[in-house]
Amino acid sequence: MVVTTMQLLLRSPLKPIRLLASRDCSSYVSRMRYLMRLKEDDDACRVALQSGTLMLFHKLAPLLRPTARGIYQLHKLQASDVKGILGKLGENEQLLNTSVLIGCSDSDVPQFSLDVGSLEQAAVEEMCGGVFIDLRKAFFLLKGPEAPLVAKGQALLRWHQTHAYCSATGQPTERNQAGSQRVCLQNGATYYPQMAPVVIVLVSDGRRCLLARQSTFPRGMYSALAGFCDMGETTEETLRREVAEEVGLEVESLQYSGSQHWPFPQSSFMVACHATVSPDRAEVNLNGAELEDARWFTLEEIEEALKRKTPPRSKKGEPTEFWVPPSYAIANKLILEWANHTKSHK
Ligand SMILES: NC(=O)C1=CN([C@@H]2O[C@H](COP(=O)(O)OP(=O)(O)OC[C@H]3O[C@@H](n4cnc5c(N)ncnc54)[C@H](O)[C@@H]3O)[C@@H](O)[C@H]2O)C=CC1
Ligand SMILES: [Mg+2]
């Protein structure tokens, strides 16, 4: 059937998305109100910093702590620990005030992140018993809620490092204590941290799913198709355009799956969907300028790839086994959902 008009169907539009309820709803509300206050009240935020926990970064690489062979955790420090490190390494204690507020733990402890890129990396690592690891690698090592926390911490620090000046006046901007905004000292314009909206889509023909790779991806890794939204586009329009541009296919239906903040390249807001194409109109016509390869994968191939929890190693010259993004990446969630759905309908 030739699709002449936009036939993108959002299936089950009224199906509710269940949120993980906290054990005590009122404590969730009070935590959110507390965070709101810290963003508005610089003095309260400075007090909170003294009793909060800090995640350290060095030139945007997070500090992790090895806990057992191959197992790492985010290394969280107290303000007093950080002051001690700054003092021993001859750095002004005021550096602590460049921390940014990230959140609040379930036990009501405010969480901050701080970049100590001005200090010698090895010296900080030795004093903390940790190691600064590139964020992409850290995503393979961290489990549970630590990965989104570290992503948020890094993204906010990066935003401050790249928004020191007003884009209208060229004059310096000044941050509030929480780091939730910056204001131009000349014209008073307020800047807030931004994310670029991206649609990520796992296309299926009912039997197989379509994954692609860019030449910059690590060897052997394939992911779902993704693309930035153009100004004025809806999610559906971006999805339809990106699939057409990148692989020359026309999608027939889509279903929303979830969303995620992704700290690369400068903070993206990923909107994840499943989409279908007709099996008799599934021939890929690759846009070689954007993608190195795009292929249909069977359920068996996907199940094998999902078993690999870390990037496979291959000897020089040998082809690398096919693998998919780490479990924290929303692409992984889409692939897992597709595999479970396809298996249950076999
Ligand atoms: N969390 C996840 O599971 C995954 C996340 N991603 C992310 O999705 C993002 C978008 O995917 P791509 O295929 O690269 O997008 P894309 O297909 O739109 O192509 C990227 C190109 O779009 C242009 N562009 C337009 N607006 C842009 C903006 N705001 N920022 C940067 N470039 C912009 C640039 O020319 C850039 O080279 C990537 O940055 C990647 O990090 C991609 C796959 C999986
Ligand atoms: Mg793309």
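Scope of the values below: all heavy atoms of this structure, side chains included, with no hydrogens, waters or symmetry mates. If you're wondering where the values come from, they're calculated on a predicted model, not measured in any experiment. Atoms within a ligand are numbered from 1 in the order they appear, just like the ligands themselves.
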Which of the ligand 1 atoms, numbered from 1, are nearer than 4.0 Å to a heavy atom of [X]:
X	answer
V198	8 (O), 10 (C)
M270	4 (C), 5 (C), 6 (N), 7 (C), 8 (O)
I200	3 (O), 4 (C), 43 (C), 44 (C)

Could you identify the single nearest non-hydrogen protein atom to [atom] and state the distance to 0.1 Å?
atom	result
atom 42 (C) of ligand 1	A226 CB, 3.8 Å
atom 39 (O) of ligand 1	P265 CD, 3.1 Å
atom 32 (N) of ligand 1	F228 CE1, 3.3 Å
atom 14 (O) of ligand 1	Q214 NE2, 3.3 Å
atom 16 (P) of ligand 1	G227 CA, 3.7 Å
atom 41 (O) of ligand 1	W262 NE1, 3.1 Å
atom 3 (O) of ligand 1	A331 N, 2.9 Å
atom 19 (O) of ligand 1	E290 OE1, 3.9 Å

Response to the item:
For A79 and L49 the tightest heavy-atom approach is CB-O, 3.4 Å
Worksheet item: Of the non-hydrogen atoms in Y256 and C273, which two are nearest, and what is the gap between them?
Response: CA-SG, 4.1 Å
Item to complete: Mark yes or no: R136 above the aromatic ring of F264, with NZ or CZ under 6.0 Å from the six-membered ring centre and no more than 45 degrees from the axis.
Response: yes
Fill in: Charged tip of R295 within 45° of Y222 ring normal and under 6.0 Å
yes
Worksheet item: Would a search of protein heavy atoms around atom 10 (C) of ligand 1 find one under 4.0 Å away?
Response: yes
Worksheet item: Are any non-hydrogen protein atoms located under 4.0 Å from atom 36 (C) of ligand 1?
Response: no
Worksheet item: Applying a strict 4.0 Å limit to heavy atoms, is E246 in contact with ligand 1?
Response: yes
Practice prompt. Give a yes/no verdict on whether any heavy atom in S223 is under 4.0 Å from an atom of ligand 1.
Written response: yes
Fill in: A226 N/O/S atom closer than 2.8 Å to the Mg ion (ligand 2)
yes
Worksheet item: So, Q154 side chain and A151 main chain: donor-acceptor pair closer than 3.5 Å or not?
Response: no
Worksheet entry | Residue portion contacting ligand 1 (non-hydrogen atoms closer than 4.0 Å) for A196 | side chain
Worksheet item: Is E242 touching ligand 1 with its side chain, its backbone, both, or neither, if touching means heavy atoms under 4.0 Å apart?
Response: side chain
Salt bridge check, [Y] against [X]: does any charged N sit closer than 4.0 Å to a carboxylate O?
X	Y	result
E292	R219	no
E303	K343	yes
E237	R240	no

Discussion item. Less than 3.5 Å apart, any donor N or O on the side chain of S253 or T276 sitting next to an acceptor on the other?
Written reply: yes
Discussion item. What is the name of the N/O/S atom of E246 that is nearest to the Mg ion (ligand 2)?
Written reply: OE2
Fill in: Trace of the salt bridge (Lys or Arg N to Asp or Glu O under 4.0 Å) decision for R308 with E301
CA-CA 12 Å; R308 299 185 187 110; E301 287 174 301; over 6 Å; no
Discussion item. So that I know where these two stand, are F139 and W262 an aromatic pair - ring centroids less than 6.0 Å apart?
Written reply: yes
Item to complete: Only one of R208, R207, K346 passes salt bridge (charged side-chain N to carboxylate O under 4.0 Å, His left out) with E300; say which it is.
Response: K346
Worksheet item: Below 3.5 angstrom, do we get any N/O pair linking Q260 and ligand 1?
Response: yes
